[in-house]
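Count residues from 1 along the sequence.
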Amino acid sequence: MCLIAFALHAHPRYRLVLVGNRDEFHARPSAPAEFHLDDASIYGGRDLRAGGSWLSLSRRGRVAAVTNVRVGQPETGTRSRGELVHRLVRSDAMLDSDVEQLRREADTFRRFNLLAFDVNAMQVMGNYPGFFASRIDAGVHAISNAGLNTPWPKTLALRSALARWIEAGDDDPQPLLSALQNTDVADDAELPDTGIGLTLERMLSSAFIRGREYGTRASTIVLMDDHGLRCIEQRFGPEGASEGCSDVRIEIG
């Protein structure tokens, strides 16, 4: 994924609210969110080229999502970061054990930020500029292609939209979907400099990217309460054309 906001123990009903957009080349083959044929306890989209996922969840109460890290430099690792999501949601180990395993091989993966939620605890991990892992405090947070809560315009906007939704006490996910589909481009003075040039910085500054070859492929909302998970996924094709929506409820147990 390329943009995620989430609320951890900040909503009166939901332990976790996570909203995010996956931006990708439209030609890259992907499967929509579904229960995996090889493990029916796992639900999420799949990258059909590398075999991993950008966001998945499990009946055991695990949620994992990944973003890349944009620094304008060649990758040094070769393994797909989507493999990390696939691995974490399938693991039966304690999350701390998974973190220690990842620490030993983090530099073999392409640059990543990884979010992992397990029952009540949540961690953020990454491998740039070196491996790090830390527990996340309760509250409302956001991450894109830089560190947690880095104040890029679109992360600030989505985090604020999620905070307003919580404060309003609204259980309707439509305002969150609307925030994910915001196409406003940031002013040049607010843009980060990640080494890709001003034209690309502008294009990537909106929450929702509408393009012929590259753009937002999916907007996803995950809601976890004491009874289970709800996952809503809206899918898009070139130029933001709708390609369907799914809304699934999953019991934890």
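- A donor-acceptor contact shorter than 3.5 Å links the side chain of D170 to the backbone of D172.
- Under a hydrophobic-cluster definition in which Ile, Leu, Val, Met, Phe, Trp and Tyr are linked whenever side-chain heavy atoms come within less than 4.5 Å, directly or via other members, L16 and L3 are assigned to different clusters.
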request  = Could you go through the side chain to side chain contact (heavy atoms under 4.5 Å, CB included) check for L55 and R22 one step at a time?
outcome  = CA-CA 9 Å; L55 183 152; R22 179 200 180 211; over 6 Å; no

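- Formation of a donor-acceptor pair under 3.5 Å by the S53 side chain with backbone atoms of R46 is not found in this model.
- Atom CG of L95 sits about 10.0 Å away from atom CE of M122, to the nearest 0.5 Å.
- Counting only heavy atoms from C-beta outward, the side chains of Y214 and M203 approach each other to under 4.5 Å.
- In plain terms, the two heavy atoms of A40 and F35 that are nearest each other are O-CD2, 3.3 Å.
- When every heavy atom of L191 is checked against every heavy atom of S205, the shortest pair comes out as CD2-CB, 3.5 Å.
- Salt bridge D23/R217: absent, no basic N to carboxylate O contact under 4.0 Å.
- Proximity of a side-chain donor or acceptor of R60 to a complementary backbone N or O of V89 within less than 3.5 Å is detected.
- Salt bridge present: R15 and D226 bring a charged side-chain N and a carboxylate O closer than 4.0 Å.
- A salt bridge links D38 and R90; the closest N-O separation between the charged side-chain nitrogens and carboxylate oxygens is under 4.0 Å.
- V140 is not listed as a side-chain neighbour of F6, based on a closest heavy-atom distance of 4.5 Å or more.
- With contacts defined as side-chain heavy-atom distances shorter than 4.5 Å, the pair V222/V17 does not qualify.
- From W165, atom CH2 reaches atom CG of D171 across 5.5 Å, with rounding to the nearest 0.5 Å.
- Linking Ile, Leu, Val, Met, Phe, Trp and Tyr whenever their side-chain heavy atoms come within less than 4.5 Å leaves V85 and L18 in two separate clusters.
- Tested against S246 for a side chain to side chain donor-acceptor pair (under 3.5 Å), the candidates Q234, R235, E34 yield a single pass: R235.
- With contacts defined as side-chain heavy-atom distances shorter than 4.5 Å, the pair F109/S80 does not qualify.
- For L198, the CG atom is densely surrounded, since the number of other residues' heavy atoms within 6.0 Å is greater than 12.
- Here the side chain of D247 pairs no donor or acceptor atom with the backbone of I232 at under 3.5 angstrom.
- Ion pair D47/R81 not flagged as a salt bridge, since none of the NZ, NE, NH1 or NH2 atoms sits closer than 4.0 Å to an Asp/Glu carboxylate oxygen.
- A donor-acceptor pair under 3.5 Å is formed between the side chain of S178 and the backbone N or O of Q174.
- Between H227 and R249, the closest side-chain pair of non-hydrogen atoms is not below 4.5 Å.
- Scanning all heavy atoms of the two residues, the minimum distance from R111 to P74 falls at NH1-O, 3.2 Å.
- Formation of a donor-acceptor pair under 3.5 Å by the T155 side chain with backbone atoms of T150 is found in this model.
- Follow the hydrophobic side-chain contacts under 4.5 Å out from V19 and you reach Y14 in the same cluster.
- A salt bridge does not link D107 with R79: every distance from a Lys NZ or Arg NE/NH1/NH2 to an Asp or Glu carboxylate oxygen is 4.0 Å or more.
- Between Y43 and E233 the shortest side-chain heavy-atom distance does not fall below 4.5 Å.
- The hydrophobic cluster containing V185 does not contain L204, counting ILVMFWY residues as joined when their side-chain heavy atoms lie under 4.5 angstrom apart, directly or transitively.
- For N182 (side chain) and A207 (main-chain N/O), no donor-acceptor pair under 3.5 Å exists by modelled atom type.
- Remark: the backbone N or O of C2 is paired with a side-chain donor or acceptor of S144 at under 3.5 angstrom.
- The CZ atom of F112 lies 6.0 Å from the CZ atom of F131; values are rounded to the nearest 0.5 Å.
- Residues forming a salt bridge (Lys or Arg N to Asp or Glu O under 4.0 Å) with E100 (at least two apart in sequence, or on another chain): R103.
- Within the model, atoms CE of M125 and CG of L148 stand 12.0 Å from one another, a figure rounded to the nearest 0.5 Å.
- Taking each heavy atom of N21 and S219 in turn, the nearest pair found is OD1-OG, 2.6 Å.
- Between N113 atom CG and M1 atom CE the span is 13.0 Å, to the nearest 0.5 Å.
- The number of heavy atoms from other shown groups lying within 6.0 Å of CG (D193) does not exceed 12.
- If you chain together hydrophobic residues whose side chains sit under 4.5 Å apart, L115 and F117 fall into the same group.
- In the model, Q123 has a side-chain atom that pairs as donor or acceptor with a side-chain atom of D96 under 3.5 Å.
- At a threshold of 4.5 Å between non-hydrogen side-chain atoms, the residues D98 and R62 count as touching.
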- Task: Decide ring-ring contact (aromatic ring centres under 6.0 Å, His included) for F236 and F208; before the verdict, give the C-alpha distance in whole Å, the side-chain angles of both, and the deciding distance to 0.1 Å.
- Result: CA-CA 10 Å; F236 306 93; F208 189 91; 4.9 Å; yes

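- Considering all non-hydrogen atoms of both residues, A121 and R135 come closest at CB-NH1, 2.9 Å.
- Looking only at distances, no side-chain donor or acceptor of H141 sits under 3.5 Å from a matching main-chain atom of A7.
- Between the T108 side chain and the E105 main chain, a donor and an acceptor come within less than 3.5 Å of each other.
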For side chain to side chain donor-acceptor pair (under 3.5 Å), just list the numbers for N149 and R159, CA-CA rounded to whole Å, side-chain angles, deciding distance to a tenth of an Å, and then say yes or no. CA-CA 9 Å; N149 293 319; R159 187 175 66 185; 3.0 Å; yes

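- A side-chain donor-acceptor contact under 3.5 Å links T194 and R70.
- Note that CD of E243 is 10.0 Å distant from OG of S30, once rounded to the nearest 0.5 Å.
- Put simply, the side chain of D225 does not reach to within 4.5 Å of the side chain of H11, judged on heavy atoms.
- Heavy atoms only, all atoms of each residue included: L88 and A64 are closest at CB-CB, 4.2 Å.
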